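A short worksheet on the structure shown next.
In what follows, residues are counted from 1 in the order of the sequence shown. Here the structure is a predicted model, which is why all the values come from computation and not from measurement.
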Amino acid sequence: MNKTPTNKSSKDKTEVNHPLVIRFLSFVSSKDFFYCFLLFVISLILHLFHLRTLGVNNPLLLPLNPDSNLFDGIARHIAEGNIIREQPFFIGPLYSYFLALFYALFGYKFTLIHYTQIVISATVPIFTYLIALKTFNRPTAVIGGLALALYPPLIFFDILLLPVALEVFLLSLSLLLLVGFPHKMSWRYGFAGITIGLVSLSRPNILLFPLFLLFAALIYKTPKKLLHRLRWVVPLAVGAILIILPVTIHNYYLSGEFIPVSTHGGINFFVGNNPEATGAFHAPKDLSATPLELNWAESRRIAEEDMGKKLTPNQVSAYWFGEGIDFIRKNPTDFLRLVWRKAVLISNHYELGLNENFYFHRNQSLVLRLPLLNWGLLFAFGIIGLLVSLKRKGNTPVLFALILTTILTLLLFIVNDRYRLTMVVPLAIFGAYLPVWLVESFRRRKFLRAGLVTGGLICLLILCNINVFGLFPGKNFAPIHFRLGKYLLESGNYEQAAHHLNQVANLRPDDSNAHMLLGISYIKLNEPDKAYDKLMKACSLAPQDPKPFYNLSLLLVNYGHKEEAVPYLEHCFNIAPEYLPASFAYIGLLIELARLPQAEAAARELLEKDPQSENLNYRLGYILYLQEKDEQALDYLQSAGDFFDAHHIIGEIYLRAGMSPEALIELEKERELHPDNPLVYEPLNKLLNE
């Protein structure tokens with residue numbers, strides 16, 4: 001009896017009885033399960049060790065940078081039950097709602113979010129392995145999965161309150177659904193559309209990815225008929241639309257306009273294309289370098305002033321798109337130079353931070369200091385690997401389409417380390433294929449082509465790993481030192497705050513805010529001489545900023561130099577009377593020094609600008625009371641409503657006029673409203689005893 005030949009490749013297939021799972025994992029052997037598990041463990045260990053070396057309570061992990069702070073603020077608002085926003089989404093809403101879900105279920109526990117993102121990220125090497133296994137072969141899959149398990153920027157971003165971990169996870173899942181499953185499972189295209197739709201709610205530029213997929217399907221040579229090649233279009237489109245539609249409806253409900261995801265595209269386009277553009281995020285002179293949602297108000301104001309009318313969200317975005325296109329039209333040479341600069345930044349090894357500095361974190365993390373991969377290495381191998389695989393049939397156009405999507409949008413907008421990570425998975429796969437291809441070429445004695453490719457790789461590696469545009473690791477630590485110093489000062493850790501703020505003052509000697517906060521830190525540390533020097537420095541650097549002058553006056557008052565404090569508070573009042581902490585302190589100090597006419601003049605000036613202010617009416621009334629101008633004082637004090645001590649002073653005026661019943665009414669009212677006010681009890685007891 002003849003024995004049936006055994007299919008060697010199926011010997012180690014994992015036996016699973018569930019038919020859907022059999023189809024789902026029909027190409028995965030037990031050896032592949034082992035590799036996937038190993039990649040997951042390696043990635044998980046490195047992430048956890050990185051978190052451990054930083055410390056879960058490290059302020060670096062808190063939402064202190066502008067974007068994290070913005071996401072956190074929106075998420076807290078949503079978690080409180082405000083699911084519908086007050087206006088159309090200005091930035092992609094996915095990550096804010098992701099955080100809001102955690103906040104609603106578990107409270108504001110950032111550590112839980114860190115661990116969740118670590119687990120999510122640890123699956124990316126598995127997905128990369130499975131995609132490469134289906135697209136190329138097992139050696140490519142092992143190298144590609146290991147590359148992403150060991151890739152430091154992913155380890156760095158995945159424990160921050162930023163959407164990187166979620167974006168890369170969803171994109172890798174999208175690729176797996178598109179290329180990594182048996183072709184008969186047509187439902188996978190619908191799920192791929194869902195994941196692409198989710199990513200687009202964080203990075204709207206990913207909506208271009210299906211268009212590049214369609215282009216690849218149309219030009220890709222295959223014996224299959226065109227309709228068969230495009231069978232994925234409808235389910236993918238339906239899946240994406242189902243996810244995006246609720247956001248679009250939300251935006252239409254609030255604005256009456258068709259806004260698929262968000263409205264920040266116009267201002268982002270202008271930031272990337274204007275006479276002052278650098279290729280990275282650099283706010284033009286008319287716009288403050290604040291989080292995008294805050295910049296929304298600024299960009300809207302400027303657009304409306306220029307157009308001379310109120311604008312809708314879409315009109316504001318269109319205005320800034322128009323400004324960017326106008327720059328391109330009028331300055332084609334500058335635009336091409338800018339595109340070249342962006343292309344260099346896309347390929348260069350330097351991790352160009354937007355809100356966080358990779359190199360600052362690297363100084364505090366043993367894992368990030370390990371001699372692992374960098375972007376220059378990954379990009380060079382990935383691009384050369386892509387070129388040598390162009391003639392290969394299979395699913396490589398899908399990976400190529402995602403790389404094209406990322407590069408095109410970076411060239412049109414701005415470049416930074418976060419945004420270019422959307423192509424990290426296909427780059428890792430193409431890069432992993434390259435050494436496999438080279439080994440095979442040498443084995444088959446195709447030395448010429450292998451030599452040419454190796455030469456091209458070496459040249460690209462050199463170009464991608466040189467320092468450009470004055471960007472050197474560790475050069476720009478001032479912003480993160482400032483954020484940490486400010487946070488530590490507000491948290492009461494004054495010694496550490498002073499340490500970080502001193503670093504800022506050394507790196508940016510002209511930063512008035514750093515000197516001011518450093519002065520406040522020294523006040524808290526009871527080092528008045530150092531505080532005085534730093535606050536004086538801040539005043540000299542920013543003579544039109546009232547805050548350093550105000551803090552300097554507080555220092556002088558606290559140490560008994562009240563007369564010396566008056567000129568500084570007077571300067572505050574002259575340059576910014578609307579800065580009420582300083583204005584109130586100025587009036588209060590004048591009262592204390594018995595300069596009542598001067599105090600009265602200041603209070604009247606403020607009250608003219610805000611005649612309904614109970615606080616100001618009370619202050620002016622009190623000053624007039626001290627000058628025994630009782631009739632005038634009563635007018636203002638009665639306009640102060642129930643402001644603290646107002647009824648007491650009115651009672652004192654009535655007592656002075658011999659109107660005891662009226663005085664008793666006012667003093668009783670003061671006691672009921674403010675029982676902790678000790679000044680009211682003596683005159684009240686005297687009246688009651690009488």
Side-chain angles (χ1 to χ4, degrees), residues 67 70-71 74-75 78-79 83-85 88-105 113 116-124 126-128 130-131 154 157-158 160-181 185 187-214 232-251 259-265 398-399 401-402 405-406 409 418-426:
D67 276 6
L70 177 60
F71 288 126
I74 297 173
I78 296 169
I83 297 176
I84 298 178
R85 303 286 292 156
F89 293 116
F90 182 61
I91 61 171
L94 177 70
Y95 192 63
S96 296
Y97 281 87
F98 173 79
L99 291 180
L101 179 62
F102 272 86
Y103 293 166
L105 294 175
I113 297 169
T116 301
Q117 291 185 173
I118 284 173
V119 173
I120 287 174
S121 184
T123 63
V124 171
I126 297 176
F127 294 162
T128 304
L130 296 175
I131 296 164
L154 284 181
F157 276 115
D158 291 341
L160 300 177
L161 260 69
L162 291 169
V164 175
L166 195 57
E167 291 170 357
V168 176
F169 166 79
L170 290 170
L171 278 172
S172 60
L173 181 57
S174 301
L175 294 174
L176 182 60
L177 288 164
L178 287 169
V179 309
F181 294 109
M185 298 171 66
W187 53 264
R188 63 191 168 98
Y189 298 117
F191 282 101
I194 288 173
T195 54
I196 291 171
L198 286 170
V199 179
S200 70
L201 296 185
S202 181
R203 301 232 49 78
N205 65 295
I206 294 300
L207 287 174
L208 292 175
F209 179 41
L211 297 179
F212 280 105
L213 282 177
L214 181 62
W232 53 269
V233 172
V234 172
L236 188 141
V238 169
I241 290 170
L242 284 175
I243 293 299
I244 296 171
L245 189 59
V247 174
T248 307
I249 293 172
H250 169 279
N251 292 338
I259 303 171
V261 177
S262 59
T263 60
H264 71 298
V398 176
L399 306 180
L402 184 54
T405 301
T406 302
T409 51
R418 266 170 53 194
Y419 293 174
R420 64 187 185 183
L421 283 176
T422 53
M423 60 176 166
V424 70
V425 172

Report all side-chain donor-acceptor pairs from residues 167-174 shorter than 3.5 Å, counting only partners two or more places apart or in another chain.
unit_1, atom_1, unit_2, atom_2, d
E167, OE2, S202, OG, 2.5
S172, OG, V168, O, 3.0
S172, OG, F169, O, 2.8
S174, OG, L170, O, 2.8
S174, OG, T195, OG1, 2.6

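Between L175 and F127, every side-chain heavy-atom pair lies at or beyond the 4.5 Å cut-off. L178 is listed as a side-chain neighbour of L236, based on a closest heavy-atom distance under 4.5 Å. A 4.5 Å side-chain heavy-atom check between L402 and L213 finds every atom pair outside the cut-off. Here the side chains of F89 and L94 are not in contact, with every heavy-atom distance at 4.5 Å or above. For the pair L161 and Y95, the minimum side-chain heavy-atom distance is below 4.5 Å.
No more than 12 heavy atoms of other residues, nucleotides or ligands shown are found within 6.0 angstrom of CD1 on I83.
Considering all non-hydrogen atoms of both residues, P88 and I259 come closest at CB-CD1, 3.8 Å. Contact between H264 and G92 at its shortest, heavy atoms only, is CE1-N, 4.3 Å. Scanning all heavy atoms of the two residues, the minimum distance from V261 to N251 falls at O-ND2, 3.0 Å. Taking all atoms of both residues into account, the shortest heavy-atom contact from I120 to A165 is CG2-O, 3.9 Å.
Annotation: the span from I126 atom CD1 to I131 atom CD1 amounts to 11.5 Å, rounded to 0.5 Å. One finds the OH atom of Y97 at 7.0 Å from the CZ atom of R85 (value rounded to the nearest 0.5 Å). To the nearest 0.5 angstrom, Q117 atom CD is 8.0 Å from L160 atom CG. A distance of 11.0 Å separates CG of L207 from OG1 of T409, quoted to the nearest 0.5 Å. Atom CG in L201 sits 11.5 Å away from atom CD1 in I206 (nearest 0.5 Å).
Applying the side chain to side chain contact (heavy atoms under 4.5 Å, CB included) criterion to I194, with sequence neighbours excluded, gives F191, L198, I243. Applying the side-chain hydrogen bond (donor to acceptor under 3.5 Å, both in side chains) criterion to T123, with sequence neighbours excluded, gives no partner residue. Every ring-ring contact (aromatic ring centres under 6.0 Å, His included) that F102 has, sequence neighbours left out, goes to F98, F106. In this structure, the side-chain hydrogen bond (donor to acceptor under 3.5 Å, both in side chains) partners of T422, at least two apart in sequence or on a different chain, are T406. For the side chain to side chain contact (heavy atoms under 4.5 Å, CB included) test, residues two or more places apart in sequence or in another chain that qualify with A122 are F40, S43, L44. T405 is linked by a side-chain hydrogen bond (donor to acceptor under 3.5 Å, both in side chains) to nothing, counting only residues two or more places apart in sequence or in another chain. Residues satisfying the side-chain hydrogen bond (donor to acceptor under 3.5 Å, both in side chains) criterion with D158, sequence neighbours excluded, are H47, S121. Partners of I84 by side chain to side chain contact (heavy atoms under 4.5 Å, CB included), not counting sequence neighbours, listed by chain and number: H250, L254. Under the salt bridge (charged side-chain N to carboxylate O under 4.0 Å, His left out) criterion, R418 pairs with D67, not counting sequence neighbours.
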Dump the intermediate steps for side-chain contact (heavy atoms from CB on, under 4.5 Å) on Y189 and V238, then the final yes or no.
CA-CA 9 Å; Y189 298 117; V238 169; over 6 Å; no
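Using modelled atom types, no side-chain atom of S262 and backbone atom of I91 make a donor-acceptor pair closer than 3.5 Å.
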